[in-house]
Amino acid sequence: MSDCLFCKIVAGSIPSETVYEDEHCRVFRDIQPKAPVHLLMIPKKHIENLDDLKPEDAAVASHMLLTIPRIAKQQGLDDGYRVVTNNGEGGGQEVFHLHFHILGGGALHSL
Ligand code: 5GP
Ligand code: ZN
């Protein structure tokens, strides 16, 4: 997806403060943090959001979920953290490349 912001971050044509990367995903700091630690985890493959996940994406999706706790520990989020994914315009999604917000490092109001 040549016009996708997060695909450009995966490709390195837009810089990001990356804290983790492997064959399936990349984790970088949100440019407008809403918590002391605010990371975005994205698949390297262009998937729009949860609605766009296909059965063949199961390995990537489970890999990302299983990797989140490891990243949270690495980032010192020992007290806990929040994982959010906005899905579709009505869900507040602005960038249409699947991403998990990982938020923590301070008190978060309950949902
Ligand atoms: P959404 O609203 O789609 O769930 O979240 C998109 C997130 O991407 C927002 O929190 C926004 O601050 C972040 N964002 C938008 N553009 C950039 C960018 O160029 N670099 C980084 N690191 N984050 C971005
Ligand atoms: Zn993309």
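Model, not experiment: these values are computed from the prediction. Worth knowing before you read on, the calculation uses all heavy atoms, side chains too, and leaves out hydrogens, waters and symmetry mates. Just so you know, ligand 1 is whichever comes first in the structure, and atom 1 is the first atom listed for that ligand.
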State whether the side chain of Lys44 and the backbone N or O of Glu21 hold a donor-acceptor pair below 3.5 Å, judged by distance alone.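 Checked: no pair found.
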Can you tell if the side chain of Glu48 reaches within under 4.5 Å of the side chain of Leu98, non-hydrogen atoms only?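 Glu48 does not reach Leu98 side chain to side chain.
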Nearest non-hydrogen partners of [X] and [Y], listed with the distance:
X	Y	answer
Val60	Pro43	CG1-CB, 3.9 Å
His38	Pro33	ND1-CA, 3.5 Å
Asp52	Asp57	O-OD2, 4.1 Å

By atom name, which N, O or S atom of His97 is the nearest to the Zn ion (ligand 2)?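 Restricting His97 to its N, O and S atoms, the minimum distance to the Zn ion (ligand 2) goes to ND1.
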State the atom name: nearest N, O or S atom of His46 to the Zn ion (ligand 2).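 Among the N, O or S atoms of His46, the one closest to the Zn ion (ligand 2) is ND1.
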Looking at Thr85, Asn86, Asp51, Asn49, which hits side chain to side chain donor-acceptor pair (under 3.5 Å) with Gln93?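 Result: among Thr85, Asn86, Asp51, Asn49, Asn49 is the only option passing the side chain to side chain donor-acceptor pair (under 3.5 Å) with Gln93.
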Indicate, with yes or no, if the rings of His99 and His97 have centres closer together than 6.0 Å.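 Centroid distance His99-His97: not below 6.0 Å, so no.
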Give the residues near ligand 1 by chain and number, with the criterion being a heavy-atom distance under 4.0 Å.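 The 4.0 Å shell around ligand 1 contains Leu5, Phe6, Ile9, Phe28, Arg29, Asp30, Ile31, Gln32, Lys34, Leu40, Asn86, Gly92, Gln93, Glu94, Val95, His99, His101.
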